[in-house]
Protein chains: 2
Amino acid sequence: MTLSLRERRRQETARHIQRATLELAMQSGLENVTTEEIAVASGVSARTFFNYFANKEAAAIGHPPNFSEEDKDVLRNGTASLAADLKLLLDKQIASMAEDEELLRMVGRVLRSNEKARGILEGFLMAERREIADCLSHRAINHHTAAALAKTVTDTIGGAIYLWEHDGNMSLGTALDTVWEGLIDASRTLSLPAD
Amino acid sequence: MTLSLRERRRQETARHIQRATLELAMQSGLENVTTEEIAVASGVSARTFFNYFANKEAAAIGHPPNFSEEDKDVLRNGTASLAADLKLLLDKQIASMAEDEELLRMVGRVLRSNEKARGILEGFLMAERREIADCLSHRAINHHTAAALAKTVTDTIGGAIYLWEHDGNMSLGTALDTVWEGLIDASRTLSLPAD
DNA sequence: GCAATATTTGCAGACTATGCAAGGATTGAG
DNA sequence: CTCAATCCTTGCATAGTCTGCAAATATTGC
């Protein structure tokens, strides 16, 4: 886990560029900011900007951290109910996001107004869902059930952030609990009466 | 519901451009097709192309049809179980998509390789989910439950198409049933043991 | 057939993104 | 410390995206 000087600098520059991108986007909207302006604000050349991110939308979103092996082990070999283990994962993810609420708010604002950014995020989420579904494959009835559960994870995080952004002074954790309850209610609705 | 000559021509040109875009994309990949080429293949000027679609990704996806009032009424005032009414809506949507499987296959292929296209589709889906959640607001326990149910609708359609695309000779309808079962199983998992 | 209204088109111009090659910085070995 | 290998940054050239504008063309309703 020790990074070379080069790697540390690279990460730092990437974060730096993301900040600059988001701050400019908050002022004028990402559409109205040029890559040139972002590069200047980040202290790198326009060409170097594209060595770090494929485009300004990707710069605004940044490089999201991967799931830890620890988290995935809980999903694979957890002893509690599946629902409880999933909720645990959600709590952890939301807690880590709550560490920088301002960043989250800025990213959220970009995502709401920018189609390309939404597409890039979808790409990240697809990869995450694949990972989660993989971890669940032993515990779920079959592949499709695992996929449906994985989707609920990313959806619930998205829903919680959305609620937190729109409902004035609800904490991220409370928003998660609220959306989670809605999900459980929806699951009851779907599973109880039909067939 | 009668359209003027102008409106009919406009729709026809739009479909024409979508076809041309998709056919070129199948040959070389959408990334390697220029808007100029699409315009020539569609028989319009490069400038006119942009009067119809904001970009080539939007042209590939096309203008998806809205839900009919009839469909929405079933959601609002259906007498069967909510799960059954939702399944009905899904069956109808999938049946209408099955009318042009080649188009669906081409659009799917673009979506799998193009981030921007995924973002545009997400935009359409968000709007659909809002509509569905709105219809469900009276029948669901609360707003969050309705939102979770609406999300399952678009997710299930997406999942069914994905399955149909990848599993050799499964029909769209069978794919939908399979994904739907996975969803029901997932719902049972989430609703039964926890709390 | 004519005036009002919409659509198409070409053109100019700002912005995005990539390949390439030169120049600079970092690294590890001696 | 020094040198060679390696990696990173940068400027430049270039292909492509997309918008505003104004002239030309087509459609509509009267």
Side-chain angles (χ1 to χ4, degrees), chain A residues 1-18 20-22 24-25 27-63 110 113-120 123, chain B residues 1-18 20-22 24-25 27-63 110 113-120 123:
Chain A
M1 253 296 165
T2 48
L3 299 179
S4 72
L5 175 60
R6 242 178 199 149
E7 281 163 328
R8 247 179 302 132
R9 279 211 190 147
R10 195 169 177 82
Q11 288 197 1
E12 207 172 308
T13 307
R15 268 195 295 272
H16 209 251
I17 292 176
Q18 186 189 11
T21 305
L22 286 171
L24 288 171
Q27 287 167 30
S28 350
L30 188 55
E31 340 278 332
N32 304 314
V33 177
T34 67
T35 53
E36 178 73 32
E37 289 171 317
I38 296 171
V40 170
S42 314
V44 297
S45 74
R47 190 63 188 79
T48 299
F49 169 82
F50 286 105
N51 289 348
Y52 280 85
F53 295 102
N55 48 60
K56 59 185 176 185
E57 286 78 16
I61 293 180
H63 300 307
V110 167
S113 71
N114 189 302
E115 285 178 340
K116 196 168 173 183
R118 276 201 294 271
I120 293 168
Chain B
M1 250 299 165
T2 47
L3 300 179
S4 72
L5 175 60
R6 242 178 199 149
E7 282 163 327
R8 247 179 302 130
R9 280 212 190 146
R10 194 170 178 84
Q11 288 196 1
E12 208 172 308
T13 308
R15 268 196 295 272
H16 209 250
I17 293 176
Q18 186 189 11
T21 306
L22 286 171
L24 287 170
Q27 288 166 29
S28 351
L30 188 55
E31 339 279 330
N32 304 313
V33 177
T34 68
T35 52
E36 178 73 33
E37 289 171 317
I38 296 172
V40 170
S42 314
V44 297
S45 75
R47 189 62 188 81
T48 298
F49 169 81
F50 286 105
N51 288 348
Y52 279 87
F53 295 101
N55 47 59
K56 58 185 175 183
E57 285 79 15
I61 293 180
H63 299 308
V110 166
S113 69
N114 190 302
E115 284 178 341
K116 197 168 173 183
R118 276 200 294 272
I120 293 168

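Below, read A as the first sequence line, B as the second, and so on, with proteins coming before strands; counting in each chain starts at 1. Everything numeric in this text was worked out from a predicted model, so none of it was measured.
Taking atom CG of B:Asn51 as the reference point, atom P of D:dC18 lies 13 Å away to the nearest angstrom. If you measure from atom CD1 of B:Ile38 to atom P of D:dG16, you get 12 Å, rounded to the nearest angstrom. As rounded to whole Å, 14 Å separates atom P of C:dT18 from atom NZ of A:Lys56. Taking atom CZ on A:Arg8 and atom C1' on D:dC8, their separation rounds to 17 Å, with Å as the unit. What separates CD of A:Glu31 from P of D:dC18 is a distance of 12 Å, to the nearest Å. Remark: P of C:dT8 and CD of B:Glu12 are 13 Å apart, rounded to the nearest angstrom. In this structure, A:Phe50 atom CZ and D:dC12 atom C1' are separated by 15 Å, rounded to whole Å. Spacing between atom CG of A:Asn114 and atom C1' of D:dC18 amounts to 15 Å, rounded to whole angstrom units.
In the helix from C:dG1-D:dC30 to C:dG30-D:dC1, the end axes, each obtained as the rotation axis mapping the C1' atoms of four pairs onto the next four within a five-pair block, lie 30° apart to the nearest 10 degrees.
Look at B:Thr35 and you'll find a side-chain N or O under 4.0 angstrom from OP1 or OP2 of D:dT17. For the pair B:Lys116 and C:dA17, the criterion of a side-chain N or O lying under 4.0 Å from OP1 or OP2 is not met. Residue A:Ser45 places no side-chain N or O under 4.0 Å from the OP1 or OP2 atom of D:dT9. The phosphate of D:dT9 (OP1 or OP2) has a side-chain N or O of A:Tyr52 nearer than 4.0 angstrom.
The side chain of B:Arg6 approaches C:dT7 more closely than any other nucleotide in the set D:dC7, C:dT7, C:dT9. Each of C:dT8, C:dT16, D:dA26 was ranked by its minimum atom distance to the side chain of B:Arg9; first place goes to D:dA26. Taking only side-chain atoms of B:Arg10, from C-beta outward, the nucleotide of C:dT27, D:dT28, C:dT8 with the closest atom is C:dT8. Looking at the side chain of B:Thr34, the nearest of the listed nucleotides C:dT18, D:dT10, D:dG16 is D:dG16. Listed candidates were D:dT17, C:dT7, D:dC18. Nearest to the side chain of B:Asn55 is D:dC18. Of the listed nucleotides (C:dG10, C:dT5, C:dG19), C:dG19 has the atom at the smallest distance from the side chain of A:Arg47.
Put simply, the side chain of B:Asn55 does not reach to within 4.5 Å of the side chain of B:Thr35, judged on heavy atoms. Using a 4.5 Å heavy-atom threshold, the side chains of B:Asn114 and B:Arg118 count as separate. A:Leu22 places a side-chain heavy atom less than 4.5 Å from the side chain of A:Gln18. Side chains of B:Val33 and B:Ile38 form a contact here, defined as non-hydrogen atoms less than 4.5 Å apart.
Taking all atoms of both residues into account, the shortest heavy-atom contact from A:Arg10 to A:Tyr52 is O-CE2, 3.5 Å. When all heavy atoms are compared, the tightest approach of A:Ala60 to A:Leu30 is CB-CD2, 4.2 Å. Across every non-hydrogen atom of B:Lys56 and B:Glu31, the tightest pair is NZ-O, 3.6 Å. Closest of all the heavy-atom pairs between B:Gly62 and B:Phe53 is CA-CE2, 4.1 Å.
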